[in-house]
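Basis for what follows: all heavy atoms, side chains included, without hydrogens, waters or symmetry-related copies. Here the structure is a predicted model, which means the values were calculated and not measured.
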Amino acid sequence: MYQRAMVITKFVGSDENRYQSYTDYSQVSDWAKTNVKNVLAAHVFNGTTATKISPKANLTYAEAQAVRNLLIESKLISE
């Protein structure tokens, strides 16, 4: 979801190796690894702690709402 919002807003990160600082990155599903790397590189998502991204956890309402708010405020979707 974050990656899709980044594509829509044309936002690209530059911290390409940031994913390496997360101890549970290996738990990310293979199909999602590139997207997770991109989102972390852009500092759009900072993990659930300084060293964990918790890839198997459920997305919270607040996390989903933040993406929605970004798209609304960017005038890319309407309420």
Side-chain angles (χ1 to χ4, degrees):
M1 183 167 44
Y2 292 110
Q3 175 64 28
R4 288 182 183 177
M6 287 174 57
V7 168
I8 291 169
T9 60
K10 297 180 173 79
F11 185 64
V12 178
S14 60
D15 194 355
E16 296 174 6
N17 295 319
R18 185 169 182 238
Y19 74 96
Q20 295 173 349
S21 64
Y22 292 93
T23 58
D24 58 351
Y25 177 78
S26 64
Q27 295 175 17
V28 174
S29 298
D30 288 339
W31 64 266
K33 286 190 181 210
T34 299
N35 291 339
V36 171
K37 283 181 184 180
N38 291 339
V39 171
L40 291 171
H43 292 258
V44 169
F45 182 74
N46 294 317
T48 54
T49 71
T51 60
K52 294 198 179 279
I53 52 177
S54 303
K56 303 297 181 188
N58 291 326
L59 187 68
T60 68
Y61 175 81
E63 292 165 337
Q65 187 65 38
V67 173
R68 183 175 183 271
N69 292 345
L70 166 69
L71 296 173
I72 290 170
E73 293 301 319
S74 300
K75 308 256 188 280
L76 296 170
I77 65 170
S78 60
E79 291 184 57

Under the side chain to side chain contact (heavy atoms under 4.5 Å, CB included) criterion, do Glu63 and Asn58 qualify, and how do the steps go?
CA-CA 10 Å; Glu63 292 165 337; Asn58 291 326; over 6 Å; no
Strictly distance-based, threshold 3.5 Å: is any side-chain N or O of [X] a donor or acceptor partner for the main-chain N or O of [Y]?
X     : Y     : result
Thr23 : Thr51 : yes
Tyr19 : Thr34 : no
Asp24 : Lys52 : no

Of all heavy-atom pairs between [X] and [Y], which one has the smallest distance, and what is that distance?
X     : Y     : result
Ile72 : Glu79 : CD1-CG, 3.7 Å
Thr49 : Tyr22 : O-CE2, 3.8 Å
Arg18 : Asn46 : NH2-OD1, 2.9 Å
Gln27 : Pro55 : CB-CG, 3.7 Å
Lys33 : Val28 : CE-O, 3.2 Å
His43 : Asp15 : NE2-OD2, 3.0 Å

Side chain to side chain contact (heavy atoms under 4.5 Å, CB included) assessment of Ser29 paired with Lys56:
CA-CA 9 Å; Ser29 298; Lys56 303 297 181 188; 3.5 Å; yes
Check whether Val7 and Phe11 end up in the same hydrophobic cluster, where Ile, Leu, Val, Met, Phe, Trp and Tyr are linked by side-chain heavy atoms less than 4.5 Å apart.
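Val7 and Phe11: separate clusters.
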Ile53 and Leu59: same hydrophobic cluster, using ILVMFWY side-chain contacts below 4.5 Å?
yes
Point-to-point distance, once rounded to the nearest 0.5 Å, from CD1 of Ile8 to CD of Gln3:
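Answer rounded to 0.5 Å: 10.5 Å.
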Is Gln20 atom CD crowded by more than 12 heavy atoms from other residues, nucleotides or ligands, each under 6.0 Å away?
yes
